[in-house]
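Presented below is the structure to which this report refers.
Here the structure is a predicted model, which is why all the values come from computation and not from measurement.
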Amino acid sequence: MNGVVFETGGDALLTRVGPLWEKLRAHHASCSAHFSGILAKRSFADRTSDILHHAHKVRVDLAVQGGRDIAYCICTLSSMAHGEVDSLYVESDYRGQSLGETLVRRGLAWMDENNATRRSISVVYGNEAVLSFYRRLGFYPRNIELDQLPPF
């Protein structure tokens, strides 16, 4: 992680996340056997609106190298003190260097500072390869939520 600096802030940093989030959205759409069309159509504005609607507090951590945003982690805290890792993405060239783990741990420390009573993350079905990463951070499957495909 030579030359990587971290920028931390609130919802004002969300706009910088957009280009990286688009790559995450494409990845999720390619993984999802049943919801790829829905995921592919989802806009960053919609995702940002969802985050801001349910969050009492928002934390954005950006990893920057040479003036280029290379990774991010968005964490939120609800009014009921439920902490969530809402979104995480690391550019493919920077994976395997503990950057994602560093970003998540920074978010978890923020949740601790804000007395989170619960911490969670949702993983897109089809992206199970990421489960071992989250397991190393203490996250385990608790529920399986099913959505019905439209039209309904």
Side-chain angles (χ1 to χ4, degrees), residues 1 4-18 20-36 38-39 41-64 69-91 94-150 152:
M1 292 195 308
V4 174
V5 296
F6 297 96
E7 294 183 30
T8 302
D11 57 4
L13 281 181
L14 284 172
T15 56
R16 296 228 342 244
V17 168
L20 294 173
W21 180 87
E22 294 291 344
K23 294 178 182 184
L24 178 64
R25 177 187 60 136
H27 170 71
H28 285 161
S30 72
C31 290
S32 178
H34 306 291
F35 294 93
S36 59
I38 293 169
L39 293 170
K41 292 178 185 173
R42 180 142 190 179
S43 73
F44 182 64
D46 290 340
R47 181 64 176 122
T48 301
S49 177
D50 287 349
I51 289 170
L52 294 175
H53 178 73
H54 87 268
H56 178 66
K57 293 183 180 182
V58 176
R59 177 185 170 110
V60 177
D61 278 295
L62 286 164
V64 183
D69 297 334
I70 59 170
Y72 75 87
C73 182
I74 300 170
C75 292
T76 59
L77 197 65
S78 74
S79 60
M80 301 296 290
H82 172 192
E84 184 171 356
V85 178
D86 277 271
S87 190
L88 172 70
Y89 183 80
V90 177
E91 287 275 28
Y94 296 90
R95 294 179 190 155
Q97 300 176 32
S98 299
L99 194 52
E101 182 174 339
T102 299
L103 288 167
V104 172
R105 288 193 187 282
R106 291 168 65 95
L108 296 176
W110 172 77
M111 289 179 203
D112 286 344
E113 293 166 9
N114 285 277
N115 302 310
T117 57
R118 180 177 173 222
R119 301 178 193 184
S120 67
I121 184 165
S122 294
V123 175
V124 170
Y125 180 77
N127 195 26
E128 288 83 3
V130 77
L131 292 178
S132 63
F133 167 79
Y134 287 118
R135 196 170 297 119
R136 288 195 317 266
L137 293 163
F139 289 91
Y140 295 91
R142 179 177 175 171
N143 301 309
I144 297 175
E145 182 178 326
L146 305 176
D147 283 1
Q148 186 179 32
L149 286 167
F152 34 79

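Stacking of Arg106 on the aromatic ring of Phe6 is recorded, both the 6.0 Å distance cut-off and the 45° axial limit being met.
Heavy atoms only, all atoms of each residue included: Val58 and Ala55 are closest at CG2-CB, 3.7 Å. In this structure, Ser87 and Trp21 approach most closely via the heavy-atom pair OG-CD1, 3.9 Å. The shortest heavy-atom contact between Ala29 and Ser36 is O-CB, 2.9 Å. His28 and Leu39 get closest at one heavy-atom pair: O-CD1, 3.7 Å. When every heavy atom of Leu13 is checked against every heavy atom of Glu7, the shortest pair comes out as CD1-O, 4.1 Å. Of all non-hydrogen atoms in Ser79 and His56, the two that sit nearest each other are N-CB, 3.4 Å.
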Query raised in the report: Can Thr76 and Lys57 be said to form a side-chain contact (heavy atoms from CB on, under 4.5 Å), step by step?
Result: CA-CA 6 Å; Thr76 59; Lys57 293 183 180 182; over 6 Å; no
Query raised in the report: Between Met80 and Arg118, does a side-chain contact (heavy atoms from CB on, under 4.5 Å) hold up when you go through it step by step?
Result: CA-CA 9 Å; Met80 301 296 290; Arg118 180 177 173 222; over 6 Å; no
Query raised in the report: Can you check side-chain hydrogen bond (donor to acceptor under 3.5 Å, both in side chains) on Asp46 and Ser49, steps first, answer last?
Result: CA-CA 5 Å; Asp46 290 340; Ser49 177; over 6 Å; no
Requested in this report: Take Glu84 and His54, measure what side-chain contact (heavy atoms from CB on, under 4.5 Å) needs, and give me the verdict at the end.
Outcome: CA-CA 11 Å; Glu84 184 171 356; His54 87 268; 3.8 Å; yes
Query - Pair Leu88-Phe133, side-chain contact (heavy atoms from CB on, under 4.5 Å): steps then yes or no - result: CA-CA 12 Å; Leu88 172 70; Phe133 167 79; 3.7 Å; yes
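Every side chain to side chain contact (heavy atoms under 4.5 Å, CB included) that Phe152 has, sequence neighbours left out, goes to Gln148, Pro150.
Annotation: the span from Leu77 atom CG to Asn114 atom CG amounts to 5.5 Å, rounded to 0.5 Å. Separation of atoms CZ (Phe44) and CZ (Arg47) is listed at 9.0 Å; rounding is to 0.5 Å. From Ile70, atom CD1 reaches atom OH of Tyr94 across 5.0 Å, with rounding to the nearest 0.5 Å. The structure places OG of Ser30 at 11.5 Å from CZ of Arg25, a figure rounded to the nearest 0.5 Å. In this structure, CZ in Arg105 is found 11.0 Å from CG in Asp112, a value given to the nearest 0.5 Å. For the atom pair Tyr125 OH and Glu145 CD, the distance stands at 14.5 Å (nearest 0.5 Å).
Leu108 is listed as a side-chain neighbour of Phe139, based on a closest heavy-atom distance under 4.5 Å. Thr15 is not listed as a side-chain neighbour of Thr48, based on a closest heavy-atom distance of 4.5 Å or more. Between Leu149 and Asp147 the shortest side-chain heavy-atom distance does not fall below 4.5 Å. Within the 4.5 Å cutoff, the side chain of Arg59 has no heavy atoms near those of the Ile74 side chain. Using a 4.5 Å heavy-atom cutoff, the side chains of Val60 and Thr8 are not in contact. Under the 4.5 Å side-chain criterion, counting only non-hydrogen atoms from C-beta, Arg16 is in contact with Val64. Contact annotation: the side chain of Trp110 never approaches that of Asp61 to less than 4.5 Å [non-hydrogen atoms, C-beta and beyond]. At least one side-chain heavy atom of Ile121 sits less than 4.5 Å from a side-chain heavy atom of Tyr134.
For the residue pair Thr117/His82, the side-chain donor-acceptor check at 3.5 Å is not satisfied.
Counting only distance, with no hydrogens or angles, the side chain of Glu128 and the backbone of Gly126 share a donor-acceptor pair below 3.5 Å.
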